[in-house]
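Shown next, in structure tokens, is the structure this report addresses.
Convention: sequence-line order gives letters A, B, ...; per-chain numbering from 1.
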Amino acid sequence: MLINCPFCGLRDLGEFSVNGEAVARPVAHDDFDDADLRASFVDAVYFRDNPAGLHREYWFHAAGCQSWLLVERDTRTHDISKVELARSQEHDKEMTS
Amino acid sequence: MTFSAFELVKNALTGQAGWQPHWRKARPKPAYDVVIIGGGGHGLATAYYLAKNFSITNVAVIEKGWIGSGNAGRNTTIIRSNYMLPGNIPFYELGMKLWESMEQDLNFNTMVSQRGVLNLYHSDAQRDSFARRGNAMRIHGVDAELLEREAVRAMVPYLDFDNARFPIRGGLLQRRGGTARHDAVVWGYARAADRRGVDIIENCEVTGLRIEHGKILGVETTQGFVGAGKVGLSVAGSSSRVAAMAGMRLPIEAHVLQAFVSESLKPVIDCVVTFGAGHFYISQSDKGSLVFGGDLDPYPSYAQRGSLATFCDVMENAVAMLPMLSRLRILRNWGGLIDMSMDGSPIIDRTPTDGLFFNGGWCYGGFKATPAAGFCLAHFIASGDPHPAAASYRLDRFARGCVIDEKGAGPSPNLH
Amino acid sequence: MSDLSGVSERDAAFGLTLETTPHYYGCGRRGRAGAEPGVVLQLVVGDERFNIEARRGKTDELFISLRETFGRAPIKPMRTVEAGGFEFISIGPSRWHAISRGPDRDERHALLREAIHDLATMVEIAHGFIVFRLTGPMVTEVLIKHVRVDLDPEVFSPGACVTTELHGMTVQLRRTCDGDAYECAVARSYGGSLFHALTCAADPYGLLVLPAGDV
Amino acid sequence: MTGGFRLPESGLIDRSRRISFTFDGKPYRGYAGDTLASALLANGVRIFGRSFKYHRPRGVLGSGHEEPNALVELRVNARREPNIKATTVELYEGLEARSQNRWPSLGFDAMALNGLLKPIFAAGFYYKTFMWPAPFWEKVYEPMIRRAAGLGAAGVSEDPDSYERAHAHCDVLVIGGGPAGLTAALTVARSGAKVVLCDEDARLGGRLLHESQILDGKPARQWVDEVVGELAAMSNVQILTRTSVAAVFDGGVYAALEHVADHLVKPAPFMPRQRFWRIAARKAILASGAIERPLVFPGNDRPGIMLASAVRGYLYRFGVAVGRAIAIYTATDDGWTTARELIKAGIKPVAVIDRRTKAPDLFADVADAVPVVLGGRIIAAKGAKGVNSITVENASGRHEYAVDAVASSGGFNPSIQLASHFRGRPAWNDEIQSFVAGDSIGGLTTAGAATGIYALGDVLQSGSATALAALAALEHPAKAIALPIAEPEATGLTAAWWQPGNRDTGAKAFVDYQHDVTASDVVLAHREGYRSVEHLKRYTTLGMATDQGRTSNLDALAIMAQLTGRSISETGVTLSRPPVAPIAIGAVAGDHKREAFRPVRETPIHGYALERGAIFVDVGQWKRPQYYPFPDDADLLATANREVNQVRSQVGVTDVSTLGKIEVEGPDAAAFLDRVCAMRPSAIKIGRCGYLIMLREDGILLDDGMFARFAEDRYVAYVSTAHAASTYRHMQYCRQVLWPHFDVNLTAITDVWVQLAIAGPKSPAVLQALVDPPVEITRAAFPPMKAAEITVCNGVPARLCGLSFSGERSFELGVPAGYGKALIRRVMEVGAPYGIVTYGSEAMGVMRIEKGHPAGGEVNGQTTAYDLGMERATAKDKDHIGQILSRRPALIDPARPRLVGIKPLAPTDRIRGGAHIFPKSAIPSPETDLGWISSSCYSPTLSSWIGLALVSGGPDRIGEKVSVYDPLRNSEVAAEIVPSCFVDPKGERSRV
Ligand SMILES: Cc1cc2nc3c(=O)[nH]c(=O)nc-3n(C[C@H](O)[C@H](O)[C@H](O)COP(=O)(O)OP(=O)(O)OC[C@H]3O[C@@H](n4cnc5c(N)ncnc54)[C@H](O)[C@@H]3O)c2cc1C
Ligand SMILES: NC(=O)c1ccc[n+]([C@@H]2O[C@H](COP(=O)([O-])OP(=O)(O)OC[C@H]3O[C@@H](n4cnc5c(N)ncnc54)[C@H](O)[C@@H]3O)[C@@H](O)[C@H]2O)c1
Ligand SMILES: Cc1cc2nc3c(=O)[nH]c(=O)nc-3n(C[C@H](O)[C@H](O)[C@H](O)COP(=O)(O)O)c2cc1C
Ligand SMILES: [Zn+2]
């Protein structure tokens with residue numbers, strides 16, 4: 001598999017490490033023992049859609065530019081439809097929210 | 001027909017004309033007491049034990065392709081019970097016992113070969129963690145031996161003891177571990193279940209689960225609706241996809257695990273050996289091929305084929321551990337679709353849907369579990385309660401925090 | 001801002017001497033015999049190297065400041081920009097290495113520090129790297145055995161720089177701006193393994209290992 | 001024909017270069033340009049080996065990689081290689097080959113008795129037998145089966161050859177250098193795009209090397225030479241011969257194996273034996289040709305029965321006649337071509353037996369010259385050591401022919417293995433009665449015979465058109481090239497599958513030669529229900545041998561199709577998988593072997609430690625000095641004791657450079673770290689050190705270490721060696737993904753600094769001698785946990801922290817790595833008056849256990865801060881990674897295994913890591929198991945073995961007597977649970 005790192009260009013899989021599905025970290029509130037809050041963390045940490053199809057996931061360009069990337073990939077074909085820097089992505093989210 | 005020396009000779013003399021299909025090519029009936037989805041080893045074993053242990057014979061196993069077309073047909077056949085954590089050991093040891101009596105039980109030679117499973121260690125820290133594991137096994141009544149370097153050399157003389165990047169210091173050996181002929185396990189269970197009346201329905205894909213008022217009513221398939229009092233889900237790599245039909249999300253990620261065979265050779269490696277300084281394991285099949293593999297590909301995948309990066313990594317490990325492999329050739333490489341769970345341990349549980357039971361999360365290690373998983377899932381389905389040996393494999397362990405994480409890798413499936 | 005700059009310059013005055021020839025580094029001819037070595041390898045000493053990472057949201061300002069100070073800004077990914085006695089190589093989003101050699105370093109560093117001001121984190125990291133310089137007619141033959149990026153001279157043109165994987169190590173591979181040589185930098189602890197990987201790959205072409213030195 | 005089977009003129013062999021070689025020890029001669037197979041055939045050798053199961057004599061079937069039969073063992077000693085296809089071995093001077101799977105000799109094989117037992121050894125017989133009595137399987141049957149199985153024997157000594165990898169990049173990769181591949185490559189090359197052309201053969205030309213075809217009125221081989229000449233001269237073309245493309249991976253990445261030195265006795269100095277290529281191609285053209293399939297008939301495995309195209313190939317490429325009395329058995333026009341070529345060469349075939357009832361139009365000349373049996377079938381082939389007669393049946397009755405060879409032609413199968421590596425299913429093509437590439441083949445298009453196009457003119461056209469299409473897809477401008485004119489050709493055929501209803505079903509008609517699978521095995525598999533092609537394969541082992549059923553699969557599928565009443569298309573085909581042809585494991589591993597398996601990391605003082613005779617230990621990729629033995633130290637224990645004693649009584653220095661160091665800088669550094677860490681970094685004062693605890697989001701401990709805060713906005717994190725990379729990655733994740741709005745930067749500086757720990761009561765004096773004025777190393781001026789950026793040794797920048805891992809007064813001193821060696825020398829110099837020693841990780845480990853500091857055995861990915869008694873250091877009132885889930889009930893259950901110390905009642909009783917702990921008089925059982933020892937050592941300070949343990953309810957059991965049970969090592973020791981800190985629990989010594 002080749003990943004088109006927005007910074008480094010097409011690079012071999014072996015340069016990257018992957019973190020699995022891009023799950024947002026739940027927003028914590030003050031009551032850390034709140035059952036719903038805990039449930040949302042349990043869900044985010046352990047449970048996965050695990051789709052056979054389009055999958056959004058985080059990759060780290062470890063032997064390259066050290067960027068975390070948000071990759072959109074089809075888990076059936078490994079075709080990669082989109083790669084962007086995770087930080088710009090999150091950044092945008094933050095700006096708009 | 002029962003296989004016996006007599007039948008063998010008789011058929012040899014009559015042009016093999018007397019044999020019959022090992023299982024009937026069943027068509028689905030309108031309804032069954034129990035439908036098992038997935039004709040892998042686990043699904044077929046479940047059906048067999050439902051019939052044998054609980055006399056529940058109005059059972060169908062529904063398989064989308066040919067039986068054994070999933071991981072049962074593409075694993076590296078290692079069986080062992082050398083686990084460390086209390087939740088795991090009794091379960092895998094139950095499995096080991098079932099392997100030991102399988103051939104007589106099924107009247108099918110599944111070539112269970114207790115040739116020993118040897119895990120190499122390369123440092124004091126690794127030795128201590130193997131010792132923790134081996135002692136835990138012994139305490140559970142499971143056999144385990146801690147070998148020093150010279151004892152390892154006597155067992156597997158061709159390991160790299162001299163110029164290794166990570167010298168071998170010793171190994172943890174389970175003599176009762178070994179291999180079994182993977183396809184034969186599938187066929188043996190299929191034949192034995194069939195002989196007890198179970199319908200094995202191939203080329204029939206489950207496309208939906210019919211659930212009303214929180215209760216399972218049956219399954220939608222490519223051959224129409226099949227009613228069911230209870231449904232057991234044993235689809236390994238497809239767990240998330242089928243569970244989604246019941247609206248469930250699972251603590252599971254699908255991954256590819258590659259495996260390899262070499263050309264067939266006269267015997268050179270007598271036991272199963274695993275490398276402790278990387279990811280690699282190898283054994284030699286009775287046919288003479290070296291069967292080996294390594295790390296899983298790190299990304300979620302349903303493609304059943306691997307990457308070049310892992311391919312290369314496995315070969316590097318191979319030569320590092322056994323330099324003699326260098327000139328031998330890889331004949332074939334393939335990938336299986338494995339259901340990696342978040343703590344690396346399996347799940348056998350009921351689901352929020354009444355009558356729907358789940359068995360999965362076997363990662364790269366569920367072949368050895370085939371008999372025990374079938375045994376325990378059958379028990380759960382028939383009795384409504386978990387089998388004591390599988391009592392830790394519940395879904396709520398993640399919320400409660402009692403994960404069974406042998407490797408300590410945390411909720412990163414690709415690291416288990 | 002951490003600053004070890006000037007270390008080498010004042011070295012003579014220090015009570016400790018800099019190690020310039022690691023234990024694994026053996027000089028001389030090796031590999032296939034022949035009149036001309038196909039590859040010449042030399043450990044580069046005396047480099048200064050800063051890691052510069054822009055403060056959040058300050059990348060543009062940093063460019064402007066660098067341009068004002070040095071006349072040019074290091075904006076293209078994976079390329080070298082020469083400015084003010086530095087080679088700026090762009091190694092990641094908003095991250096650069098500034099490499100320099102030769103005299104007048106104190107002045108040079110002061111200028112850089114000034115230009116960067118509080119627009120970036122600047123950490124001197126020269127000691128964290130081992131750099132091998134490779135020349136000779138067969139250099140690319142050696143490198144294609146190890147790296148998976150395209151080294152076609154048209155693609156990997158003078159001044160190109162990549163961070164990539166080489167025999168299990170992360171290396172920074174660049175082609176000098178004059179195009180004459182490649183430099184391969186690796187985290188210091190991997191120096192021995194990189195030396196081994198490069199020299200073994202070069203042996204078939206005849207290799208000359210020069211004494212470590214300034215280049 | 002002169003001298004054996006070699007023809008006087010034809011062939012691409014160099015008759016001026018004679019080559020001597022041996023087969024089974026017997027000397028033979030051949031020519032440069034021969035393969036082992038062609039040379040042996042020229043010498044009249046017919047039996048090459050014995051078959052897998054029945055040990056039947058086998059000869060050569062084909063002339064290339066499809067060969068299932070002629071497997072030999074090549075070379076000797078450490079270079080011995082089993083299962084080599086004689087048809088692919090280029091002959092070289094001194095070649096030594098041996099036949100396989102025979103005992104005592106190739107001519108007479110005792111195991112051939114197996115053949116008589118064939119009725120018993122039918123497909124699947126294993127599964128029905130060997131079950132009685134149960135224990136006999138492992139002891140008797142299995143060893144017997146294992147000995148009998150396996151073809152060649154593996155060499156067991158070290159491979160003397162080397163391998164390398166190489167990487168190539170191109171716009172278009174052309175796989176196969178036959179007419180289709182050459183035209184495709186030329187089209188691409190002339191357009192200026194970058195092309196890599198691979199062929200597994202030593203020469204380009206493909207089938208044209210084996211044929212006498214004409215292009216533009218000249219021998220086609222001349223056209224080949226011209227094209228190859230032009231390609232070789234172009235700078236945008238890379239030609240790789242002897243290179244087989246083995247597999248395709250995602251993104252257009254191809255793996256190919258170049259046989260650099262396999263045509264030599266041994267590689268020249270500095271020459272790798274093989275080179276493993278990774279080729280990144282934007283597009284690829286599969287021009288791999290097609291392989292002929294044999295016709296199935298009783299006795300079809302007898303030596304001398306070959307593929308018709310191979311018979312022709314031996315004739316034209318090698319100048320070898322495979323026999324003197326050759327019969328043609330065909331269902332295709334191609335068989336007739338072979339007949340014609342044989343006639344041309346002066347070897348008139350005995351007969352042409354065509355399955356069709358009408359002779360093909362273009363072959364009147366052949367029909368006139370030789371006896372023709374139309375609508376004929378071979379119903380028997382006889383001959384013990386090679387075919388000597390065949391029985392043919394057609395409407396007119398039976399005919400017997402004396403023959404010494406049969407050329408058999410059942411049609412061609414396109415070589416589309418690579419096109420299935422993405423698991424795309426091939427599609428049935430009725431016209432050619434074979435499968436062609438289906439969809440989903442990942443950027444790869446087929447051309448030439450690989451698409452099922454067989455007439456040479458069409459093949460050339462196909463190569464060019466495919467190349468133009470690929471270039472168009474790349475948006476690369478290109479022009480069609482002028483193609484040479486080919487002569488008219490007939491490529492007709494009929495389906496001629498084995499019919500299961502034949503009354504000769506019981507005879508041995510082989511479909512898979514190498515695995516000895518017969519037509520009747522397929523029938524049996526069907527009878528027993530193994531009807532899916534994949535079941536058929538697995539039950540009979542059809543197509544699982546080294547040739548992967550290239551020549552056999554389709555014949556078997558066709559039988560199954562007839563038995564199940566389905567078409568072949570419905571029956572389907574088994575999946576082909578990488579590699580296309582077997583490849584050596586060592587070639588893929590390349591130079592990653594022995595010590596170079598994985599890179600080594602060395603600290604800046606490695607050279608110094610070497611000089612001091614240190615023994616190193618592997619920690620991840622690092623080599624750390626484990627201990628510094630003196631010549632009279634009895635063992636590791638003696639050295640470690642000495643080092644510990646010296647540190648505790650005087651002073652010692654150790655290398656801690658392997659600890660991960662991450663500089664965290666920016667206005668939001670503190671706020672960021674408060675989110676990342678479980679303690680409160682923002683509370684660490686400037687110029688001080690603080691404890692570092694990081695959790696995973698699931699609440700389990702990720703790592704522990706230390707922080708030094710040098711400025712309001714600047715911290716250095718010191719994390720554990722083992723977790724350095726993952727911790728850095730995790731922090732980058734937090735910084736880039738979770739909280740990108742924090743203005744903070746992370747710089748990995750592990751390698752920038754050398755870090756020495758100088759510990760012991762005399763350490764302040766040693767430090768004082770190093771630091772530059774005005775720094776003072778006194779209790780007041782430099783208390784424990786102070787951190788400062790100073791200079792040492794006359795101006796060398798340094799970072800000094802008052803940290804202690806050993807429990808003694810201790811400092812960690814960092815200087816830029818290049819000064820490491822000089823620094824430790826200086827430390828030893830100034831420390832000499834105080835009796836300073838270097839100590840290794842072993843002594844350090846002993847001291848940390850004595851102090852109860854958790855390390856690898858405890859921070860193992862299963863424990864929490866609570867388990868290790870660190871929970872007081874964690875902040876309960878802020879949202880950090882792991883806060884929420886660490887509060888789950890099971891993670892704060894007091895009965896969890898928690899950290900304690902453990903001490904044998906008799907100090908000399910050894911306790912070991914990994915031993916389990918039980919209540920004093922309990923019978924060891926899963927129910928009574930309290931926990932295990934996570935680290936242990938001999939403490940010279942206490943003169944006792946001690947350990948750290950994770951014990952259920954640990955701290956609540958302090959004072960309890962327990963039993964340390966270690967059945968693996970036959971030991972049971974009475975012990976007591978004690979606090980985890982054994983030495984100086986109040987920490988007074990570190991504060992002196
Ligand atoms: C390369 C590799 C090596 C391995 N090595 C080992 C090893 O050495 N030892 C070990 O213990 N384990 C090993 N494993 C793991 C082991 O193979 C699996 O854990 C185990 O086989 C899974 O159980 P199963 O046999 O029931 O699964 P499978 O055989 O995968 O059965 C699941 C079945 O469900 C079917 N199915 C899926 N979806 C549907 C649907 N919608 N409708 C109907 N049917 C459906 C599938 O077609 C499949 O046949 C390995 C796995 C791989 C891939
Ligand atoms: N008369 C017939 O019925 C008939 C049938 C089939 C083919 N043919 C003839 O065969 C020729 C076909 O031409 P073509 O160019 O398509 O095929 P070809 O067989 O001439 O060339 C294919 C080449 O690909 C190489 N190759 C195959 N797999 C490879 C791999 N994995 N890696 C590297 N190299 C590989 C082979 O070594 C060979 O040189 C024509 O001359 C055609 O007329 C005739
Ligand atoms: C234990 C084991 C041994 C195997 N031995 C062989 C073998 O000798 N020859 C072969 O071609 N394939 C062998 N295979 C691989 C199968 O051909 C096949 O690739 C694998 O079962 C996966 O199926 P798939 O490739 O059809 O997806 C073996 C597989 C396993 C699990
Ligand atoms: Zn990148």
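Top candidate by heavy-atom pairs under 4.5 Å with chain B, chosen from D:L891, D:L702, D:T129, is D:T129. Heavy-atom pairs under 4.5 Å with chain B were tallied for D:I583, D:T546, D:D698; the largest tally goes to D:I583. Interface remark: of the candidates B:G15, B:G134, B:G188, B:P90, B:G134 forms the most heavy-atom pairs closer than 4.5 Å to chain D. No other option in D:F125, D:F918, D:Y141 has as many heavy-atom pairs under 4.5 Å with chain B as D:F918. The most heavy-atom pairs under 4.5 Å with chain B, out of D:A247, D:A154, D:P924, D:G590, come from D:A154. Contact tally against chain B (heavy-atom pairs below 4.5 Å) for D:Q100, D:H421, D:R273: the top residue is D:R273. Top candidate by heavy-atom pairs under 4.5 Å with chain D, chosen from B:R400, B:M111, B:M324, B:K25, is B:M111. Between chain B and the options D:K128, D:H916, D:Q548, D:R896, heavy-atom pairs under 4.5 Å are most frequent for D:K128.
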Handout entry: Step-by-step side-chain contact (heavy atoms from CB on, under 4.5 Å) determination, D:H592 to B:V319
Key = CA-CA 8 Å; D:H592 287 255; B:V319 175; over 6 Å; no

Exercise for the section: Begin with the C-alpha distance, continue with both residues' side-chain angles, and end with the deciding distance and a verdict on side-chain hydrogen bond (donor to acceptor under 3.5 Å, both in side chains) for B:N107 and B:R191. Expected result: CA-CA 9 Å; B:N107 179 234; B:R191 176 169 165 272; 3.0 Å; yes

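The distance from atom CZ of D:R887 to atom OG1 of D:T864, rounded to the nearest 0.5 Å, is 13.0 Å.
Neither the backbone nor the side chain of D:A246 has a heavy atom closer than 4.5 Å to any heavy atom of chain B. For D:V600, the parts lying under 4.5 angstrom from a heavy atom of chain B are both the backbone and the side chain. Contacts between D:Q621 and chain B at a heavy-atom distance below 4.5 Å involve backbone atoms as well as side-chain atoms. Contact of D:V156 with chain B is made through backbone and side chain together, with heavy-atom distances under 4.5 Å. Only the backbone of D:A545 comes within contact range of chain B, judged by heavy atoms closer than 4.5 Å. Within the 4.5 angstrom heavy-atom criterion, no atom of D:I923 approaches chain B. At a 4.5 Å heavy-atom cutoff, B:L322 makes no contact with chain D through either its backbone or its side chain. Using a 4.5 Å cut-off between heavy atoms, B:F260 makes no contact with chain D at all. Interface remark: D:I700 contributes no atoms to any contact with chain B (heavy atom separation under 4.5 Å). Both the backbone and the side chain of D:N860 come within contact range of chain B, with heavy atoms under 4.5 Å apart. Looking at D:Y539, the atoms closer than 4.5 Å to chain B (heavy atoms on both sides) sit in the backbone and in the side chain alike.
Under the rule for a side chain to side chain contact (heavy atoms under 4.5 Å, CB included), the partners of B:S412 that lie at least two apart in sequence or sit in another chain are B:N414, B:L415. D:R912 meets the side chain to side chain contact (heavy atoms under 4.5 Å, CB included) test with D:R910, D:D966, D:R969; sequence neighbours excluded.
Under the 3.5 Å distance criterion, the side-chain polar atoms of B:D286 are left unmatched by any main-chain donor or acceptor of D:E142. Under a 3.5 Å cut-off, the side chain of B:E316 and the backbone N or O of D:R598 do not form any donor-acceptor pair. Judged by distance alone, with hydrogens and angles left aside, the side-chain atoms of B:R132 form no donor-acceptor pair with the main-chain N or O of D:I933 at under 3.5 Å.
Between D:E138 and B:R175 no salt bridge is recorded (no basic side-chain N to carboxylate O distance below 4.0 Å).
For B:E148, the CD atom is loosely surrounded, since the number of other residues' heavy atoms within 6.0 Å does not exceed 12.
Classified by interplanar angle (parallel below 30°, tilted 30° to 60°, perpendicular above 60°), the ring pair B:F275/D:F597 is tilted.
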